[in-house]
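Every value quoted in this text rests on a predicted model; they were computed, and no experiment measured them.
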Amino acid sequence: PRLLLSPPRYPWLLCSHRLNWSSLAPSWLRHRQLGLQAKDQNFMLEDSAFWIFGGSVHYFRVPRAYWRDRLLKMKACGLNTLTTYVPWNLHEPERGKFDFSGNLDMEAFILLAAEVGLWVILRPGPYICSEIDLGGLPSWLLQDSSMKLRTTYEGFTKAVDLYFDHLMARVVPLQYKNGGPIIAVQVENEYGSYNKDPAYMPYIKKALEDRGIVELLLTSDNEDGLSKGTVDGVLATINLQSQNELRLLHNFLQSVQGVRPKMVMEYWTGWFDSWGGPHHILDTSEVLRTVSAIIDAGASINLYMFHGGTNFGFINGAMHFQDYMSDVTSYDYDAVLTEAGDYTPKYIRLRELFGSISGVKVPEDVRKPLSACSPASWQGASLPLPPDLLPKVRYEPVVPAFYLSLWDALPYIKEPVTSEKPVNMENLPINDGNGQSFGYTLYETTITSSGILSALVRDRGQVFLNTETIGFLDYKTKKIPIPLIQGFTILRILVENCGRVNYGENIDNQRKGLIGDIYLNDTPLKKFKIYSLDMKKSFFQRFTAEKWDPVPGVPTLPAFFLGALSVTSFPYDTFVKLEGWEKGVVFVNGYNLGRYWNIGPQETLYLPGVWLNEGINQVGVLFLRPLLVPALPGSQSFPGGAVGEQEGQKSWPAPSLRALMWL
C-alpha cells in the first residue's frame with residue numbers, strides 16, 4: 001500500500017514507506033546500492049521517494065565545540081539534510097600543505113551529521129563563493145600574473161588536480177554507497193554567471209568522477225546564470241529568494257532537463273552585510289510564504305543559511321561592481337539561527353511547517369511570541385526536542401593596561417623583505433614561497449621632498465610620514481599631497497587587505513597591497529622595506545611581557561593594546577562592543593575574532609564562550625586610529641592616526657573594551 005508522508009495539503013509527497021525521521025537508516029536502507037537518484041519528478045533514495053529538506057551550516061564558520069548544538073537544532077527543525085561548502089583556501093593555505101585539523105576537520109563534521117541523523121550534500125568547489133575571501137580559492141594562485149581562475153588554464157587545473165587528489169581521498173569513504181551520509185555532490189558553484197570557459201565544468205565533473213565520486217552530481221545557479229550553468233549528466237538546481245523566480249522551477253528546468261526532480265539549492269533566508277551598508281533583514285512571514293510555495297511546487301529545498309556563523313579572522317569576502325564593498329565579520333545572514341546559534345521567529349515557524357509535512361503535531365505554544373516559548377515546551381511526535389539555548393553573559397568592562405606601538409613592534413616581527421620596487425601581498429617571498437594571504441602589509445621607503453603621492457592601493461592604505469598619519473589611499477583616493485618636509489623622511493603605507501572579491505568577473509584581479517609602482521611627482525619610488533603583518537594566531541607570541549609598556553596619556557598609533565578579562569565562573573558566550581574605537585582587530589586568547597569598524601552596520605563581535613578560560617583571559621586589540629580627539633580652546637586636534645603632543649590638548653582617552661550580551 002502507498003502511504004502519505006504528509007497531510008492532504010501536500011498530496012504530491014507520496015512514498016512506498018513512511019520515512020522514519022528518527023533514523024537515517026531504517027531497515028529498507030540498510031543495503032545501499034542505488035543511492036539518491038533523480039528519476040522522473042521525484043528524488044528516489046533506493047526505491048522510495050525522497051524529499052530533500054536541507055539547511056546550510058559551514059563548519060569553518062562555527063567553533064567546533066558548537067557543531068553538535070547547531071546540527072541538533074537543524075534536526076529538531078524538521079530538516080533531513082545538511083549542506084556545506086569546503087573552503088580550498090583554508091584547507092591548503094600553502095601549496096601542497098593541507099590542514100584538516102581542529103575547526104577544519106571536515107570529516108568529523110560530516111560524520112557528526114550522520115550521528116545526529118542528517119544526510120549530507122557536499123559542495124567542494126573548487127570555487128564556492130560563500131562570501132569568503134576569493135570565493136574560497138587560495139591567494140597563492142594569483143602569484144601567476146597570467147592566472148585565469150575557474151577555467152582550464154593549466155596553472156589552475158594543475159592546482160585543482162593536486163587539491164582534489166587530497167580532498168577526494170577524504171570524501172570518497174563518506175559517500176552513501178560506502179556507508180557514509182553524503183548523498184550528493186555539487187559540481188563547482190554558480191558557474192553560469194561566470195561562464196568563461198565551456199570546457200571547465202565538464203573538466204570539474206570528470207575530476208570528481210575520476211577520483212571516486214559516485215553519488216548524484218548537481219549544479220547550482222542563480223537566475224542570471226541558470227541558462228549557462230548546466231552540464232550533461234548533472235542535475236541542475238536553482239538559487240533564489242523571491243517568489244517571482246519560482247517560474248524557473250517549471251519553465252526553465254523542465255525545458256532543459258525534462259521531467260526530473262526540482263530543487264532550490266539555495267533559498268536565501270536573509271542576506272549578508274557589507275561595511276558601511278545597511279543591515280539586511282528578511283521578514284519571517286515572507287520566508288514562510290516562499291518556503292511553502294517552493295514545497296507546494298513539489299520541489300526539494302535547502303535553506304541558505306540555516307545558521308551563518310562568523311567570518312573569524314580575515315576570511316570575509318567582498319563585492320565590487322560599482323563600488324568595492326567589504327563583507328562584515330558577522331555572517332549572521334538573518335538566518336534561521338542567529339550568529340550565536342539562538343532560535344529566531346523563523347525557526348519557530350519553519351519547525352511548525354516542516355513538522356506538518358512529516359505528519360508531526362506541533363503544539364499550540366509555538367504560535368506564541370518567541371520570548372514566550374521555551375525549547376522544553378516544543379514537544380513533537382517524532383521531531384526531536386530542540387536543545388536548550390546556550391547561556392550568554394555580560395562581563396565587566398576591560399580597560400587595556402598595556403600598549404605597544406606598531407613602530408616599536410617592528411623589530412620583533414620577522415625580517416622585512418627588501419625590494420627595489422613594491423611587491424603585492426601574494427608575491428612576497430615569504431611563507432615558503434606562498435606569499436601573504438590575509439592581514440596587513442607595511443611598505444617603507446625614504447623621501448626627501450614634498451609633492452603628490454600616487455599609487456594603486458588594494459584595499460585601504462594609511463599613509464604616514466615617520467609616525468604621523470597624513471591620510472588614506474584606496475579605490476577612490478589614488479593621490480595624496482605630501483606636505484613640506486625637512487631632510488630624509490620615512491614614508492610608510494600600511495595596507496589592509498579588506499577581503500578579496502568572492503563573486504563576479506574580476507576575481508583574477510584580486511591581488512592586494514601596493515599594485516605596481518608608487519609615484520612621488522610622477523617619479524617611481526625605490527628601495528622598499530616590506531613587513532608582513534598577517535596576524536596569525538602566533539602573532540602576539542612574539543611580544544613577550546617585557547616588550548609591553550603601560551598605556552601612556554597620548555599613545556602613538558597604530559598600536560596594539562592588551563587587557564585582561566576575568567571570568568570567575570564557567571565561561572559563556574558574549575559579544576565585544578568597542579565604544580570610542582574606530583577601526584581595528586580584536587584577539588582573545590590568541591583567537592582572531594575579526595575586524596571592527598565604527599561605520600557599521602555591525603556593532604559587536606561574537607566571542608564564543610568555548611574560547612574563554614575560567615580565570616584570566618588575554619584581550620588584544622590592534623587599534624588603527626582614534627576618533628577625533630576633542631581639544632581645549634586654542635589647541636590643535638588631529639582627526640585620526642598618531643596624535644602628537646600639543647600644548648593645551650586633552651590626553652588621549654583610552655576607550656574601554658566592553659564585552660556585552662546581545663540584547
Q.
Can a donor-acceptor pair be found, under 3.5 Å and without considering hydrogens, that links the side chain of Gln602 to the backbone of Val328?
A. no

Q) Tyr591 vs Trp611 aromatic rings, parallel, tilted or perpendicular, using cut-offs 30° and 60°? A) parallel

Q) Quick one: does His91's side chain get under 4.5 Å of Phe100's, heavy atoms only? A) yes

Q. Do Gln436 and Ser532 meet the criterion of a side-chain donor-acceptor pair at a distance under 3.5 Å?
A. yes

Q) Any side-chain donor paired with an acceptor under 3.5 Å for Tyr503 and Asn189? A) no

Q. Do Ile413 and Arg542 have side chains that get closer than 4.5 Å, going by heavy atoms?
A. yes

Q: Mind checking the OG1-CG spacing from Thr469 to Asn466? Nearest 0.5 Å is all I need.
A: 12.5 Å

(Q) Whether the side chain of Asp342 engages the backbone of Leu337 through a donor-acceptor N/O pair (distance < 3.5 Å, no angle test) should be reported. (A) no

Q) Could you state the interatomic distance from CG (Leu79) to CG (Leu71), rounded to the nearest 0.5 Å? A) 11.0 Å

**Q.** Donor-acceptor contact present, side-chain Thr441 to main-chain Met425, <3.5 Å
**A.** no

Q. Distance-only, no hydrogens or angles: does the Asn431 side chain make a donor-acceptor pair with backbone N or O of Gly435 under 3.5 Å?
A. yes

Q) Applying the side-chain contact (heavy atoms from CB on, under 4.5 Å) test to Tyr403, which of Thr556, Leu562, Val621 qualifies? A) Thr556

Q: Begin from the C-alpha positions of Arg123 and Glu266 and carry the test salt bridge (Lys or Arg N to Asp or Glu O under 4.0 Å) through to its verdict.
A: CA-CA 12 Å; Arg123 311 175 79 186; Glu266 292 185 11; 2.8 Å; yes

**Q.** Shortest non-hydrogen contact from Tyr85 toward Pro87
**A.** O-CD, 4.0 Å

Q: Using modelled atom types only, decide if a donor and an acceptor are shared between the side chain of Thr310 and the backbone of Phe312 within a distance under 3.5 Å.
A: no

Q: Verify the ring-centre separation between Phe272 and His280: is it less than 6.0 angstrom?
A: no

(Q) Please determine whether a side-chain nitrogen of the Lys or Arg among Glu426 and Arg511 lies less than 4.0 Å from a carboxylate oxygen of the Asp or Glu. (A) no

Q) With side chains defined as the heavy atoms from C-beta onward, is the minimum distance between Leu514 and Ile530 less than 4.5 Å? A) no

Q | Between Asp99 and Ser101, a side-chain donor and acceptor under 3.5 Å | A | yes

**Q.** Least distance between heavy atoms, Leu90 atom then Leu104 atom
**A.** O-CD1, 3.5 Å

Q.
Taking the six-membered ring of Trp275 as reference, does the cationic atom of Arg595 (NZ for Lys, CZ for Arg) lie under 6.0 Å from its centre and within 45° of its axis?
A. no

Q.
Tell me if the CD atom of Glu603 is crowded by more than 12 foreign heavy atoms within 6.0 Å.
A. no

Q: Might you work through the salt bridge (Lys or Arg N to Asp or Glu O under 4.0 Å) test for Lys346 and Asp334, ending with a clear yes or no?
A: CA-CA 9 Å; Lys346 290 177 185 176; Asp334 194 34; 2.9 Å; yes

**Q.** Ion pair Arg500/Asp459, N-O distance below 4.0 Å
**A.** no

**Q.** Asn502 side chain vs Met319 backbone, donor-acceptor pair below 3.5 Å
**A.** no

Q. So does Phe402 have more than 12 non-hydrogen atoms from other groups sitting under 6.0 Å from CZ?
A. no

Q.
Looking only at the side chains, is there a donor atom on one of Thr290 and Gln241 sitting less than 3.5 Å from an acceptor on the other?
A. no

Q. Does Leu390 offer a backbone N or O that forms a donor-acceptor pair with the side chain of Lys392 under 3.5 Å?
A. yes

Q. Which atoms form the tightest heavy-atom contact between Gly102 and Trp67, and what is the distance?
A. O-CH2, 3.9 Å

(Q) Can you confirm whether the side chains of Asn239 and Glu190 place a donor and an acceptor under 3.5 Å from each other? (A) yes

Q) Are a donor atom and an acceptor atom from the side chains of Ser56 and Thr83 found within less than 3.5 Å of each other? A) yes

Q) Which heavy atom in Tyr343 sits nearest to a heavy atom in Pro386, and how many Å separate them? A) OH-CB, 3.2 Å

Q) Do we see a donor-acceptor contact under 3.5 Å between the side chains of Ser139 and Ser437? A) yes

Q: Give the intermediate values and the outcome of side chain to side chain donor-acceptor pair (under 3.5 Å) for residues Tyr331 and Glu131.
A: CA-CA 9 Å; Tyr331 201 59; Glu131 290 72 61; 2.3 Å; yes

Q | Distance-only polar pair, side chains of Asp534 and Tyr440, donor-acceptor under 3.5 Å | A | no

Q. Is it the case that Arg460 places NZ or CZ above or below the six-membered ring of Phe472, under 6.0 angstrom from the centre and within 45 degrees of the axis?
A. yes

Q.
Please give me the minimum heavy-atom distance between Leu557 and Phe464, naming the atom from each residue.
A. O-CE2, 4.0 Å

Q: Take the angle between the ring planes of Trp271 and Tyr333 and call it parallel below 30°, perpendicular above 60°, tilted in between.
A: tilted

Q. Less than 6.0 Å separating the ring centroids of Phe109 and Tyr59?
A. yes

(Q) Is the ring pair Trp581/Phe561 parallel, tilted or perpendicular, if the boundaries are 30 and 60 degrees? (A) perpendicular

Q. Using a distance-only test with no angle check, is there a side-chain donor-acceptor pair under 3.5 angstrom linking Ser326 and Asn316?
A. yes

**Q.** Atom of Ile315, atom of Phe438 and distance for their closest heavy-atom approach
**A.** CA-CE2, 4.4 Å

Q: Kindly compute the distance separating CG (Leu612) from CG (Asn617), expressed to the nearest 0.5 Å.
A: 5.0 Å

(Q) Counting only heavy atoms from other residues, nucleotides and ligands, does the tally under 6.0 Å from CD of Gln322 exceed 12? (A) no

Determine all donor-acceptor pairs shorter than 3.5 Å in which one atom belongs to a side chain in residues 563-573; sequence neighbours excluded.
residue, atom, partner, partner atom, Å
Asp573, OD1, Tyr66, OH, 2.5
Asp573, OD1, Gly609, N, 2.6
Asp573, OD2, Tyr606, OH, 2.7

Q.
Closer than 3.5 angstrom, by distance alone: can the side chain of Asn103 be matched with the main-chain N or O of Val62 as a donor-acceptor pair?
A. yes

Q.
Between Glu496 and Lys512, is the salt bridge (Lys or Arg N to Asp or Glu O under 4.0 Å) condition met? List the steps.
A. CA-CA 8 Å; Glu496 178 183 3; Lys512 300 298 183 179; over 6 Å; no

Q.
I'd like to know if Asp474 pairs up with Arg458 as an ion pair, taking the criterion as any Lys NZ or Arg NE/NH1/NH2 lying under 4.0 Å from an Asp or Glu carboxylate oxygen.
A. no

Q: Indicate the ring-plane relationship of Phe543 and Phe560, choosing parallel, tilted or perpendicular according to the 30° and 60° boundaries.
A: tilted

Q | Steps toward side chain to side chain contact (heavy atoms under 4.5 Å, CB included) verdict (Leu607, Leu593) | A | CA-CA 7 Å; Leu607 172 52; Leu593 301 190; 3.9 Å; yes

**Q.** Under 3.5 Å donor-acceptor, Lys73 side chain and Gly341 backbone
**A.** yes

**Q.** SB check Lys547 Asp408 (cutoff 4.0 Å)
**A.** no

Q: Report yes or no: does Ser274 contribute a side-chain atom to a donor-acceptor pair with the main-chain N or O of Gly277 at less than 3.5 Å?
A: no

Q. Given Ile490 and Leu465, is the side chain to side chain contact (heavy atoms under 4.5 Å, CB included) satisfied, shown in steps?
A. CA-CA 6 Å; Ile490 299 176; Leu465 293 180; over 6 Å; no

Q. Can you list the steps and then say if Asp549 with Leu404 is a side chain to side chain contact (heavy atoms under 4.5 Å, CB included)?
A. CA-CA 6 Å; Asp549 294 316; Leu404 179 64; 5.5 Å; no

